[in-house]
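From a predicted model like this one, the values you see are computed outputs, not experimental measurements. Computation of the quantities below employed the complete heavy-atom set of this structure, encompassing side-chain atoms and omitting hydrogens, waters and symmetry-equivalent molecules.
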Amino acid sequence: MSKAEIKSPLPGMFYRRPSPDSAPFKNDGDAVSATDVIGIVEVMKSFHEVTAGIDGKAIRFLVDDADAVMAGQALAEVEA
Amino acid sequence: MTINSVLIANRGEIAVRIIRAAKALGLRTVQVYSHADAGSLAVQLADEAIDIGPPAAKKSYLNIEAVLAAAKAAKVDAIHPGYGFLSENADFAEAVVAAGMKFVGPDASAIRLLGDKVAARQVAARAGVPTVPGSDGRVSDVTEAAAIVARIGLPVMIKAAAGGGGRGIRIAHTLEDFERHFPQASAEAAAAFGDGGLYIEKVIEKARHVEVQILGDGRNFVHCYERECSLQRRRQKVWEEAPAAGLPADVRKSLCDSAVALARSVGYSGAGTVEYLYDDASRHFYFIEVNTRIQVEHPATEMITGLDLVQEMLRIAGGQPLSVRQEDISIAGHAIECRINAEDPHKGFMPGPGTVETFVVPQGEGIRFDTMLFAGYTVPPFYDSLLGKLIVHGADRAACLAKLRTALAGLRITGIPTTVPLHQALAADADVAAGRFHTRFLEDWLETKFAASPGGAREVA
């Protein structure tokens, strides 16, 4: 079993929920498919969905909700 | 003047603009900054700089306690809020005054009154300013709303009472649209603004966006003529002009007089802007809203009037009467402002923060560039994408456009994408040159002309 990282395509603020009052897109331990949205990056007041890009099991987030992230930074890892 | 120092509760190009105005008046300047802005030009230019927290605006520039604590520590006499962030937050204005400082802007009561878009409509109507046909106040339910729609006709805008600046607006073209949008709009407004109140306005098709700059000291009120900001994308202004080309002299007079009447009716103090829609065909103008702050596009007005609006704001906050009377203010020539954003116009305006490599600004008489950029500066991803504003002044609109084309060719920003190619294409467009545009023009133009031009902007003749 190998681990794969899901990286942020953009720099900005990373959000794990679609809105402050909503449930997170994914919780640690969830399975993901490549097209699943795992979070949103806010860059210069515009919002961009981040998809997993890979099928995997047991996602584990490496950054918290509303953390600042760099482009290319690992947001989460999954067991591929 | 009763103030000797000012804290700038903002960032970016407007912070730089305020520091320059304050220094020209001999004021000590104190800049607050988030961790993302420690190396910013405003921090370098200010006499003092104070760290107010992490990059997220909520934890820094929108954090009233942090800003007030910095102001107290630096013992400043006044706080200038710029635009955006806390600039139209009545609670903040109140807290500044309660802490014994001057808020550079109108009283909290005026901000609160005019910030409620329904109340502002009523203020305008009472002052004799024409308003867009619509509801007299908040509309509580779909039944009441549908009756109003039957009276004024479709299409209509459903607007959030607590919205503004183009936010919290939905358009309904049919009754079915309307019945679907109305409850959604209410829920959205409640989530976004903490106030689900809605009102309804008729959509004025193919209107121009025209706005009047006002100044008041609580006793005297003047206008500094109008700007036209019809070129918008997603309701955000892209290109602004002063004065509005093609506005008949008699309409200009009644428009500007109506803005002064509104300012007088609330005893306005500071700089403000009264926004209108203008319908060329009927020559009618309609009040939209009042912005109780300095606006991004204020330099266009400064170029044609010779006034320094930010210095004037600081003097008013310092207890001085207006430095000008209405008869001292006149229009000389024409000015155009282009907003230069860190966005790639060829890739759906995708924002592109990053490090500026080359930075060359055009020079010359009648050319101004308000910015926070310098070569080597890293534009952070956390705030809006405005990098600077190129403002050009000419003897008339044609001369101004010609000078703008030269100035845009001389503006070089590399390392990050910018909207310079968009402005080059607009400055070369025949409809723009003829002033044939309205608030829906730019979005169509982007799809039909700009996107269609192979290789981008330079190909558009």
Task: B:Arg412 atom CZ, neighbour heavy-atom count above 12 within 6.0 Å - done: no
TODO: With a 4.5 Å heavy-atom cut-off (strictly below), which parts of residues 26-44 of chain A touch chain B? List them by number.
DONE: A:Glu42, A:Val43, A:Met44
Task: Contact origin within B:Ala36 toward chain A - heavy atom pairs under 4.5 Å - done: neither
TODO: Side chain from CB out, backbone as N, CA, C, O: work out which of these in B:Pro380 comes under 4.5 Å of a heavy atom of chain A, or both, or neither.
DONE: backbone
Task: Least distance between heavy atoms, A:Gly12 atom then B:Phe382 atom - done: O-CE2, 3.8 Å
Open item on the list: Taking the side chain as everything from C-beta on, heavy atoms only, tell me whether A:Ser46 gets closer than 4.5 Å to B:Met350.
Closed with: no
